[in-house]
Amino acid sequence: MTQAVAEPPLKGPGADERLERQSALRRLLGRPELGALLGAVALFVFFSVVADAFLETSSFSTVLYASSTFGIMAVGVSLLMIGGEFDLSAGVMVTSSALVAALVSYQLTLNVWAGVVISLAVTLALGMLNGILYTRTGLPSFIITLATFFMLAGLNLGVTKAITGNVASDSVRDMDGFDSARAVFARDVDVAGVNVNVTVFWWLLFVAVATWILLRTRVGNWIFAVGGAAASARAVGVPVARTKIGLFMGVAFCAWFSGMHLVFAFATVQSGEGVGNEFSYIICAVIGGCLLTGGYGSAIGAAIGAFIFGMTNKGIVYAEWNPDWFRFFLGAMLLVATVVNLVVRRRVERSP
Amino acid sequence: MRGAVLRRPSTSLAVLAAAGVLALGACSSSGGKKAEESANPAPGAGPRLKIAMVTHSGPGDTFWDIVQKGAKAAAAKDNVQFLYSADPDGGKQAQLVQAAIDQKVDGIIVTLAKPDAMKDVLARATAAKIPVVSINSGANDSAKLGAVAHFGQDESIAGEAAGTELAKIGAKKALCVIHEQGNVGLEDRCAGAKKTFGGDLQNLFVQGTNMPQVKSSITAKLQADKGIDGILTLGAPFAATAVDSAKEVGSKAKVGTFDMNKDLIASIKAGDIWFAVDQQPYLQGYGAVDELWLLKNNGNVIGGGRPVLTGPAIVTKDNAGALEAFANRGTR
């Protein structure tokens, strides 16, 4: 590396492409989220044409709500993927988090806010456990989190059943603090006459914070570095283990938030929920331009990915297509969105 | 066969063997009160049996929890050791049945959600002289696959009952919310409801493992079609979510549902949910264990070779109060 820089440039100054001044357009085209954005616009136009109800503001609010429930998790998951790791336990961790809050509050007859805080501590500990297991063993995160996925799924059911005698948590709807907690995690906010779920605003806030961390802070550089080349990152002094543990805890934080939404939107939590959702989060991040190999991607991209996922999910309902074909349409739409993404990126890479 | 008997120190056979010894060694070689008593123990005092239940349930499903509670209650009463296992995948469920055969259980209770996957393994159970009782889904295949009895709800009949109820509460255009794509039983419910409803009934698919998605999908459908005035959900937890969705959209749609739980009873009492079509899962577990016990101890077959219907039992505001206590302890 040092040698290559020390050699005299062959084509004069500016031959190193990294130092070339790029046009604004080219810089825009180089953003990881551009392909996803084009895909989102294409899908939006498509559904606006085929589904009459799609363009109504209240419908748009429903699409945003659906997107936000994927999107909040996609924030943590995309950062982790940029850092080069997967978390397959993310889906059931949401349920675990929700169950902890509901069970603790109900069984000990506490104010639900106590349950919320205890759940935060437990969920962050779970994320930390994932991270520590990964950094200590050096096993692929895929394996580590697959193991914790099964363990959490089992714990969710086993503990709930042992404590309540049933497979769902008891309703916390009439307990102290429920209304204020609902206001924070699951309230509908009136925006110009349209009810928008508060999760949408939290989603946007989380995306903004994640983007700031990624692009404006040293931690952001560390995340890209550990995902791109962990060994080199370690060599130049990046705290690889701490960064990765932090990323797993980031996913856990998002899982906690999603779990709290589950508790305060629906009051009871089914212990079997959440299985399979981990892939939806990964899909959102990938549609949004995160590479499966790490080192590349963006939180905004993942947000657009979640928007595509939510839009497709609900657009098919608005279009009132034959529901037997629902999953086929869902898959086809996702394929189109990702192919658009890919084509755009290839074009950009090929063009001078 | 005799070799197998000697190798297996099963209590039931030991008792039979003891009866045989008594019959041979005592004064009379045959007949008599003594032989009758020892060979035919009085009902309720039977030998300890081991019964395995293998279902297609996923983990953490309220419904199957209630089935198990019924089975365990009957097992405690009948002096039965009750074993439970489940796998939603047909092939894996068959492996679990095979495991039960290997354990030499005295009876097997299965669900026949995927009858073809269960065919071979149930033939092996029959060959091993282990009686099989089927529950829940698969009424049509039960006898064909060698089961002695079937306890379940005919999904079409239950659907028809739901359709009638839906018409009764005044709905004209309704949704049938399917929370698991490709589940034949759920499709049958909607098809049955369509038959008796009279109005327009459309199916809507939602992802049952993701409650926010269930909610937003129902909301989306209500926004897309403002004329919908009835919603039929196929599982209790989804009914409460449908009520939330309707409230959010400002829709007047009335919600009815299949299945039961304690929150649902409260909602029915409060008038948020109009009716529930209960297939009495407790009865399926209880009945199946009892049937195997009766078969072993008295040679009885319930239902005369025909499926025994455990539902539909309709729950409305009128009878919700009477059932509340049962639902609260998680057995209705």
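Throughout, protein chains are lettered first and strands after them, A, B, ... in sequence-line order, and every chain is numbered starting at 1.
- A 6.0 Å sphere centred on CZ of A:Phe328 holds no more than 12 heavy atoms belonging to other residues, nucleotides or ligands.
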Considering only heavy-atom distances, could you tabulate the donor-acceptor pairs under 3.5 Å between chain B and chain A?
residue	atom	partner	partner atom	Å
B:Thr62	OG1	A:Gln270	OE1	3.4
B:Asp65	OD1	A:Lys161	NZ	2.8
B:Lys69	NZ	A:Gly165	O	3.0
B:Lys69	NZ	A:Asn166	OD1	2.7
B:Gln181	OE1	A:Arg327	NE	3.3
B:Gln181	NE2	A:Asp324	O	3.2
B:Gln207	NE2	A:Asn277	OD1	3.1
B:Thr209	O	A:Gly274	N	3.0
B:Asn210	ND2	A:Asn277	OD1	3.4
B:Gln213	OE1	A:Lys314	NZ	3.0
B:Gln213	NE2	A:Ala66	O	3.3
B:Gln213	NE2	A:Thr69	OG1	3.0
B:Ser216	OG	A:Lys314	NZ	3.3
B:Ser217	OG	A:Lys314	NZ	3.2
B:Lys221	NZ	A:Glu320	OE2	3.1
B:Gln223	OE1	A:Thr62	OG1	2.7
B:Gln223	OE1	A:Tyr318	OH	2.4
B:Gln223	NE2	A:Ser58	O	3.0
B:Gln223	NE2	A:Thr62	OG1	2.9
B:Lys226	NZ	A:Glu56	OE1	3.2
B:Lys262	NZ	A:Asp170	OD1	2.4

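- Residues that satisfy the side chain to side chain donor-acceptor pair (under 3.5 Å) test with B:Lys195, not counting sequence neighbours, are B:Glu160.
- Sorted by first and then second residue, the ring pair (Phe, Tyr, Trp, His ring centres under 6.0 Å) pairs involving residues 186-231 of chain B (not counting sequence neighbours) form an empty list.
- With sequence neighbours left out, A:Phe70 forms a ring-ring contact (aromatic ring centres under 6.0 Å, His included) with A:Phe309.
- With a 4.5 angstrom heavy-atom cutoff, A:Ala66 touches chain B via backbone and side-chain atoms both.
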